[in-house]
Amino acid sequence: MLQRIIFCTAVLLAIASVILLALFSPVPHTKNTTRHRLALSLYIQHPQVGSPVPISVAPPATTGALIFHHTLTEGPESTSRVIGKAQGFIIPNEHFAHSAFNIIYLTFYTQKYSGSISIRAKNVSHKKKEELKVVGGTESFAFARGHAVFAQTDEEIFNLDATYHIKLHLKFPNRSQIIPG
């Protein structure tokens, strides 16, 4: 009989301690699904002649590739402050249109943001407005996801010299869960 009382008391104490730990635990009871969000608006400009940024363009063709190196600016004017560069490699050939090689990199070098954003250009349909997927980033943009809307600013020009307005809508994972190192 004494063994049964000791056993029941031990079981009750164990249940009470689990309940108390669940109620007074420092870990939050609700799952924190908040994510950091960031919206950026910037412009891709064709580099000006005599600019320090090298121009490396191969014109698109049915069997060729489009390789570009342009500047990122704060505003639509070519005299706007340069905040980074836009580089990319796109194979417009139908067989490679959905290739993993089709990617655009936006690299920032400002006091507020540094690093790069990777944008997958798999389903480019050569329209004046494209919505592409952000698939990652580095430094300030580490683990970024979201979408990028590219829109041509000048409706009359449709070539490599056109200026493009980019609206980035980025989401970041909860930074407290990232392991440093």
Side-chain angles (χ1 to χ4, degrees), residues 28 30-48 51 53 55-57 60 65-92 96-181:
T30 59
K31 184 177 179 183
N32 186 4
T33 58
T34 61
R35 293 177 173 248
H36 302 285
R37 296 182 183 270
L38 177 65
L40 295 173
S41 179
L42 44 117
Y43 295 84
I44 293 181
Q45 305 275 348
H46 186 73
Q48 301 299 314
S51 84
V53 178
I55 300 170
S56 172
V57 175
L66 171 63
I67 303 165
F68 61 92
H69 184 108
H70 294 267
T71 55
L72 287 177
T73 61
E74 285 183 331
E77 299 83 23
S78 61
T79 56
S80 296
R81 184 172 80 106
V82 175
I83 58 172
K85 60 186 175 182
Q87 298 172 308
F89 182 84
I90 298 174
I91 302 173
F96 293 101
H98 302 289
S99 168
F101 292 113
N102 294 339
I103 195 139
I104 299 168
Y105 296 102
L106 304 179
T107 306
F108 294 81
Y109 39 84
T110 65
Q111 288 184 346
K112 189 170 183 179
Y113 301 111
S114 64
S116 65
I117 296 173
S118 301
I119 301 170
R120 185 176 65 195
K122 271 189 174 183
N123 300 320
V124 176
S125 56
H126 307 292
K127 296 185 285 186
K128 297 216 184 239
K129 186 175 183 179
E130 298 281 347
E131 187 169 334
L132 305 174
K133 191 173 209 171
V134 175
V135 294
T138 64
E139 295 184 40
S140 299
F141 306 102
F143 306 106
R145 295 288 186 264
H147 66 277
V149 178
F150 286 74
Q152 189 173 332
T153 58
D154 189 353
E155 296 294 324
E156 296 176 14
I157 302 173
F158 192 71
N159 62 22
L160 296 175
D161 293 333
T163 299
Y164 288 91
H165 182 214
I166 305 171
K167 291 183 181 178
L168 294 169
H169 302 278
L170 306 174
K171 294 181 278 186
F172 299 91
N174 186 347
R175 303 272 181 168
S176 65
Q177 296 175 356
I178 297 173
I179 300 170

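In this structure the side chain of T73 reaches within 4.5 angstrom of the side chain of Q45, judged on heavy atoms. Side-chain contact between K85 and H70 is absent, with no heavy-atom pair separated by less than 4.5 Å. The closest side-chain heavy-atom distance from T153 to Y43 is below 4.5 Å. The closest side-chain heavy-atom distance from I44 to T71 is not below 4.5 Å. Residues S114 and F108 form no side-chain contact, since every pair of their non-hydrogen atoms from C-beta on lies 4.5 Å or further apart. Looking only at side-chain heavy atoms (C-beta outward), I83 and Y113 stay at 4.5 Å or farther from each other. Annotation: side chain of Y105 is not in contact with side chain of I117 (no heavy-atom distance under 4.5 Å). The side-chain heavy atoms of V134 and F141, taken from C-beta on, include no pair separated by under 4.5 Å.
Within the structure, the salt bridge (Lys or Arg N to Asp or Glu O under 4.0 Å) test picks out no pair touching residues 106-115 (sequence neighbours left out).
Listed here is the closest heavy atom pair of L168 and A148: CD2-CB, 3.4 Å. Taking all atoms of both residues into account, the shortest heavy-atom contact from L132 to R120 is CB-O, 3.6 Å.
Under the rule for a side-chain hydrogen bond (donor to acceptor under 3.5 Å, both in side chains), the partners of S41 that lie at least two apart in sequence or sit in another chain are H165. Take E77 and apply the salt bridge (charged side-chain N to carboxylate O under 4.0 Å, His left out) test, not counting sequence neighbours, and it matches no residue.
Note that CZ of F150 and OH of Y164 are 10.0 Å apart. Values are rounded to the nearest 0.5 Å. With rounding to the nearest 0.5 angstrom, the NZ atom of K171 is 5.5 Å from the CZ atom of R37. I166 CD1 to L42 CG: the interatomic distance, rounded to the nearest 0.5 Å, is 5.0 Å. Expressed to the nearest 0.5 Å, how far CG of L72 lies from OG of S80 amounts to 11.5 Å. Distance CD1/I103 to OG/S118: 5.0 Å, rounded to 0.5 Å. Atom-to-atom distance recorded for F172:CZ and R145:CZ is 10.5 Å, nearest 0.5 angstrom.
For the pair Q87 (side chain) and I104 (backbone), a donor-acceptor distance under 3.5 Å is absent.
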Given side chain to side chain contact (heavy atoms under 4.5 Å, CB included), test H147 with H169 step by step and report yes or no. CA-CA 6 Å; H147 66 277; H169 302 278; 3.3 Å; yes
